[in-house]
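Written below as structure tokens is the structure these notes are about.
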Number of protein chains: 2
Amino acid sequence: MDMLTLLRQRGHRITRPRLAVLQALAEGPAHISAAEVLSEGRRTHPGLSKASVYRTLQLLETLGALRGIPSPEGRSFVRVAPGHHHLLCQGCGEVRDFSGCGLCDSWREVADEERFFVAGHLLEVFGLCSGCRSKREGETS
Amino acid sequence: MDMLTLLRQRGHRITRPRLAVLQALAEGPAHISAAEVLSEGRRTHPGLSKASVYRTLQLLETLGALRGIPSPEGRSFVRVAPGHHHLLCQGCGEVRDFSGCGLCDSWREVADEERFFVAGHLLEVFGLCSGCRSKREGETS
DNA sequence: TCGCTTGTTGATACTCGGTCTCAATAATAT
DNA sequence: ATATTATTGAGACCGAGTATCAACAAGCGA
């Protein structure tokens with residue numbers, strides 16, 4: 001669902017700071033940090049404050065529209081989308097997306113057993129990207 | 001592989017602080033924070049410093065034996081084990097494990113396409129646990 | 001359209017997880 | 001035993017994220 005509609009539907013006010021954050025999320029990179037949202041958002045609303053950015057990101061995460069993932073500089077946020085997953089390089093920190101995991105069913109029954117309401121899921125595959133891989137050629141593993 | 005053996009094999013020295021961290025990881029809860037490792041580790045090595053704990057955890061993560069996952073109070077660390085995944089509650093922050101995901105193959109070909117060396121993977125399923133679920137009964141979604 | 005109510009904002013002080021520095025120490029090789 | 005050098009511990013430091021609170025404005029009803 002549209003994040004703007006989601007906010008309205010849940011009874012949250014549509015304000016300039018929130019619109020600026022939504023626009024930053026829409027126009028910015030797929031993985032975006034709070035700091036990037038702040039600087040990007042100030043292009044549409046110069047007075048945008050750090051606190052509002054964090055509050056809005058937190059709100060969107062609570063509503064299930066965003067998901068924070070760990071990154072070297074704090075957290076970065078991604079739009080929650082079905083079958084959207086990551087390859088995390090432990091060498092350089094690069095995050096690469098991939099989609100179409102084809103496995104979005106087998107864990108569902110586990111969640112059902114636990115009486116757990118599933119808002120979304122995220123598969124992290126971590127290791128070394130091709131670049132870092134060749135750099136470490138020769139090391140014992 | 002045994003974490004102690006792993007350290008030795010990669011040419012890292014076996015020191016008292018590192019042994020204390022390994023023991024804390026072995027005896028502590030499955031999901032453990034750096035602060036918990038510190039206090040737990042000081043039981044076997046009272047002089048253990050915060051810096052050493054963070055350094056050792058970082059080293060073990062680099063070596064692929066540990067994986068940090070986001071949590072309200074910083075990060076918590078889990079032993080990397082095949083088919084070990086999480087249900088993260090966005091209401092209370094509870095982390096519940098589940099295993100036997102049965103899907104540890106379909107993403108592998110994606111990784112291969114990207115020439116990505118896979119050290120491990122972690123599936124996060126997030127939403128609401130049964131407790132938080134009933135608390136929010138009646139809210140629009 | 002005009003207020004009124006109250007959710008939201010912005011500035012800033014603050015918290016605290018995590019890192020950096022560097023002299024002192026101790027694990028390994030010889 | 002000695003030399004080499006990775007590692008440690010103490011504490012200063014950094015910076016992401018939060019708390020506070022008076023001022024503001026979104027939305028609603030009249």
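Excluded from the calculations below are hydrogen atoms, water molecules and symmetry mates; all remaining heavy atoms, backbone and side chain alike, are included. The structure presented is a predicted model; accordingly, all values stated were derived computationally and were not measured. Lettering of chains follows the sequences in order, A, B, ..., and the numbering in each one begins at 1.
Residues B:Ala35 and B:His12 both approach DNA chain C. Their nearest nucleotides, taken by heavy-atom distance, put B:Ala35 toward the 5′ side. With the nearest nucleotide of DNA chain D identified for both A:Arg13 and A:Tyr54, A:Tyr54 has the one nearer the 5' end.
Phosphate contact (OP1/OP2 of C:dA27, side-chain N/O of B:Thr15, threshold under 4.0 Å): absent. Contact check, B:Gln58 against C:dG18: no side-chain N or O comes under 4.0 Å of OP1 or OP2. The shortest distance between the side-chain N/O atoms of B:Ser52 and the OP1/OP2 oxygens of D:dG9 is below 4.0 Å.
Following rounding to the nearest Å, A:Glu36 (CD) and D:dA16 (P) show an atom-to-atom distance of 11 Å. Between the CG atom of A:Leu19 and the C1' atom of C:dT8 there is a distance of 13 Å, given to the nearest Å. The CG-P distance, from A:Leu7 to D:dG27, rounds to 11 Å in whole Å. If you take CG of B:Leu38 and P of C:dT19, they are 14 Å apart, rounded to a whole angstrom. Nucleotide C:dA11 holds its C1' atom 11 Å from the CZ atom of A:Arg42, rounded to whole Å. The distance from atom CZ of B:Arg8 to atom P of D:dT7 is 14 Å, rounded to the nearest whole Å. Here the C1' atom of nucleotide C:dG10 and the NE2 atom of A:His45 are 9 Å apart, to the nearest Å. We find that CG of B:Leu60 is positioned 12 Å from P of D:dT7, with the value rounded to whole Å.
Judged by atom type and distance alone, A:Arg55 reaches the base of C:dG10 through a side-chain donor-acceptor pair under 3.5 Å. A donor N or O paired with an acceptor N or O is not found under 3.5 Å between the base of D:dG9 and the side-chain atoms of B:Lys50.
Each of C:dG10, C:dT28, D:dG9 was ranked by its minimum atom distance to the side chain of B:Ile14; first place goes to C:dT28.
Side-chain contact between B:Val21 and B:Leu38 is absent, with no heavy atoms from C-beta onward closer than 4.5 Å.
Under a 4.0 Å N-O distance rule, the pair A:Arg75/A:Glu61 qualifies as a salt bridge.
A distance-only check finds a donor-acceptor pair linking the side chain of A:Arg18 to the backbone of A:Arg13 [under 3.5 Å]. A donor-acceptor contact shorter than 3.5 Å links the side chain of A:Thr62 to the backbone of A:Gln58.
Interatomic distance, B:Ile32 CD1 to B:Leu25 CG, rounded to the nearest 0.5 Å: 6.0 Å.
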